[in-house]
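See below for the structure under consideration.
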Amino acid sequence: MTLPKSSREYGTKDETPDDTFDWFKSYADLADDIRTLIPDKSARILMLGCGNSKFSEDMWDDGYKNIVNVDYSAVVIERMQARNSKTRHEMQWHEMDVRSLTFPDSAFDVAIDKGTMDAMMTSSSDVWNPPEQVVNDCVAEVSEVLRVLRATGSFVYITFGQPHFRKRFLTGEHAPNTRLEIKTLGEAFHYFMYVLRKGS
């Protein structure tokens, strides 16, 4: 699977409103894990960098009716809002930068990132020593997510990135009083689900 050469290319291809695309795991692949992590289907959920993925739609259809989607691409947000305006009209869509969220503190129970942080890393070819800007961008996202999560909220990050490349962005001074859990997904090709819990 080839990611965009730069984060600017993420989610901005010429598409029709009915086009959808998932980087890797679909909701069907992860539904059992999501239901375990989020047993309360009334939980307020923030979808970070939603793109034109069906993940939010499938979660909604599975009973999660309090989902807020953000993406930095105005084109994507407009198209996804139009696509869901009749069947899922209560789902929210906002053009927003995950590094600088405009939501108030403690606004969500769960935040989900499925490949968005990965997209911010595509400008670097050195996974061992990413440039300072990439590190700052990823740390900024995590800091903002923790700010908008409630006291016992959880940040769920789904990625192909192995722990020795990703833990640095999820732990440290910018993530105090948290506990990180890691689950390996898949068989032949592994993906990972990182769950960063507040209040730990």
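When reading the values below, keep in mind they use all heavy atoms of this one structure, side chains included, and skip hydrogens, waters and symmetry mates. For this chain, numbers begin at 1 and follow the sequence in order.
Residue S42 comes nearest to N66 through the heavy atom pair O-ND2, 3.6 Å, listed as atom of the first residue, atom of the second, then distance. Listed here is the closest heavy atom pair of L101 and R147: O-NH2, 3.0 Å. Between A107 and R150 the shortest heavy-atom distance is O-NH2, 3.3 Å. Here the shortest heavy-atom pairing between M193 and L37 reads SD-CD1, 3.4 Å. Here the closest non-hydrogen pair linking M117 and D113 is N-OD2, 3.1 Å. Of all the heavy atoms in A111 and V145, the pair that sits closest is CB-CG1, 3.6 Å.
Of the possible donor and acceptor atoms, none in the side chain of D61 sits under 3.5 Å from a partner among the backbone N and O of G63. The closest donor-acceptor contact from the side chain of R99 to the backbone of C138 lies at 3.5 Å or more, if one exists at all. Looking only at distances, a side-chain donor or acceptor of N69 sits under 3.5 Å from a matching main-chain atom of Q92. One N or O on the side chain of K65 and one on the backbone of W60 form a donor-acceptor pair closer than 3.5 Å. Panel note: side chain D71, backbone G51; a donor-acceptor pair is recorded below 3.5 Å. Side chain of K25 to backbone of Y191: no donor-acceptor contact under 3.5 angstrom is found. Here the side chain of Y64 pairs a donor or acceptor atom with the backbone of I38 at under 3.5 angstrom.
For the residue pair D33 / T36, no side-chain donor-acceptor distance below 3.5 Å is found, with atom types taken as modelled.
Contact check for V148 versus L46: side-chain heavy atoms found under the 4.5 Å cut-off. The side-chain heavy atoms of R83 and K54, taken from C-beta on, include a pair separated by under 4.5 Å. Proximity of C50 to M91: side-chain heavy atoms (C-beta onward) are nowhere separated by under 4.5 Å. At least one side-chain heavy atom of F155 sits less than 4.5 Å from a side-chain heavy atom of L48. Under the 4.5 Å side-chain criterion, counting only non-hydrogen atoms from C-beta, V70 is in contact with F103. Between I112 and M59 there is a side-chain heavy-atom pair separated by less than 4.5 Å. Counting heavy atoms from C-beta on, the side chains of Y72 and V98 never come closer than 4.5 Å. Between V135 and R168 the shortest side-chain heavy-atom distance falls below 4.5 Å.
Atom NZ of K41 sits in a crowded spot, with more than 12 heavy atoms from other residues, nucleotides or ligands closer than 6.0 Å. No more than 12 heavy atoms of other residues, nucleotides or ligands lie within 6.0 Å of CD in E78, so this atom counts as exposed by the packing criterion.
Rounding to the nearest 0.5 Å gives a distance of 10.0 Å between OG1 of T152 and CZ of R197. Note that CE of M80 and CG of N52 are 6.0 Å apart. Values are rounded to the nearest 0.5 Å. With values rounded to the nearest 0.5 angstrom, M96 atom CE is found 14.0 Å from S73 atom OG. The line from CZ of R44 to CG of L149 is 11.5 Å long, rounded to the nearest 0.5 Å. The NZ atom of K167 sits 9.5 Å away from atom CG of L170, with the distance rounded to the nearest 0.5 Å. With values rounded to the nearest 0.5 angstrom, D109 atom CG is found 7.0 Å from D40 atom CG.
Here ring-ring contact (aromatic ring centres under 6.0 Å, His included) pairs that include residues 165-184, with residues two or more places apart or in two chains, are W128-F165.
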Next on the checklist: Go through it in stages, so that I can follow the logic: the residues are V195 and K183, the test is side-chain contact (heavy atoms from CB on, under 4.5 Å), and I'd like the CA-CA distance, side-chain angles, deciding distance and then a yes or no.
Outcome noted: CA-CA 8 Å; V195 182; K183 181 174 182 178; over 6 Å; no

Checklist entry - Do D62 and D58 pass the side-chain contact (heavy atoms from CB on, under 4.5 Å) test, and can you show the C-alpha distance, the side-chain angles, and the key distance before you say yes or no? => result CA-CA 6 Å; D62 194 31; D58 292 341; over 6 Å; no

Item to check | Check against side-chain contact (heavy atoms from CB on, under 4.5 Å), F55 and L30 | outcome: CA-CA 10 Å; F55 204 87; L30 300 171; 3.9 Å; yes

Next on the checklist: Before you tell me yes or no, could you show the steps for R166 and I182 under side-chain contact (heavy atoms from CB on, under 4.5 Å), namely the whole-Å CA-CA distance, both residues' side-chain angles and the distance that decides it to 0.1 Å?
Outcome noted: CA-CA 11 Å; R166 295 296 191 263; I182 304 172; over 6 Å; no

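Ring pair H190/F192 is perpendicular by interplanar angle, where above 60° counts as perpendicular and below 30° as parallel.
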